[in-house]
Amino acid sequence: PYEGGLGEPQRAAIEAHLQQLADQAFAADLDDRAMGRAWRGTFARQVPWIATQLIAAGARVVRVEVEINAQHEGVQLRGSIDRLEDDGEQQRIIDYKTGATPSATAIKQGEQVQLTHYALPRETSAIAYWNLKDEKVVEVADAPLANLFLPMLEAATSMPNKRRPQ
């Protein structure tokens with residue numbers, strides 16, 4: 001884990017740590033897989049932007065690849081949170097994207113339920129998509145997150161013989 005501070009003066013150390021993590025994560029694929037080398041290069045180009053996001057987030061406890069396996073009103077919820085931040089009072093769920101990123105409007109209208117689904121079994125104050133390719137953040141923090149997912153959940157549970165969201 002990174003032990004240094006999360007301010008602008010530590011930017012070089014943060015970026016070096018991110019590069020080190022990427023080297024470890026991609027090590028097995030670098031020698032024999034072209035896609036591994038391509039993804040490593042893509043990540044390397046995004047390190048300055050990622051460092052900016054980390055500095056902006058400040059001192060938070062971060063967990064990655066957090067598995068969700070919970071029941072909510074009789075429906076099984078499963079998934080994997082890319083990044084879960086916790087500052088002791090609030091949690092923020094972040095999903096990394098390299099392709100299309102949902103809009104805040106689509107999230108609030110219940111058209112994109114991935115992160116609201118992840119927020120149901122926990123006290124979450126914000127959900128966000130970090131698009132690594134486009135260097136864009138889409139965050140929803142001003143709506144009760146459970147309320148964004150519940151209409152879809154209610155519709156799914158009221159339809160017999162329909163596949164329920166998992």
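The two residues I127 and A119 come nearest to each other via the heavy atoms CG2-CB, 4.4 Å. What you find for G79 and Y118 is that their closest heavy atoms are CA-CE2, 3.7 Å. For the residue pair I81 and I93, the shortest heavy atom distance occurs at CG2-CG2, 3.7 Å. Taking both residues in full, the closest heavy atoms of S125 and Q90 are given as OG-CB, 3.1 Å, listed atom of the first, atom of the second, then distance. Between N131 and A100 the shortest heavy-atom distance is ND2-C, 4.5 Å.
In terms of the side chain to side chain contact (heavy atoms under 4.5 Å, CB included) criterion, residue partners of E8 (sequence neighbours excluded) are, by chain and number, R11, I55. Evaluation of the side chain to side chain donor-acceptor pair (under 3.5 Å) rule for E89 yields no partner, not counting sequence neighbours. Residues satisfying the side chain to side chain contact (heavy atoms under 4.5 Å, CB included) criterion with V64, sequence neighbours excluded, are V62. Under the rule for a salt bridge (charged side-chain N to carboxylate O under 4.0 Å, His left out), D82 has no partner lying at least two apart in sequence or in another chain. The salt bridge (charged side-chain N to carboxylate O under 4.0 Å, His left out) search around R92 returns E85, E139, not counting sequence neighbours.
Remark: W130 CH2 to D95 CG distance equals 11.5 Å, nearest 0.5 Å.
Contacts classified as salt bridge (charged side-chain N to carboxylate O under 4.0 Å, His left out) and involving residues 35-49 (residues at least two apart or in different chains) are given here: D23-R40.
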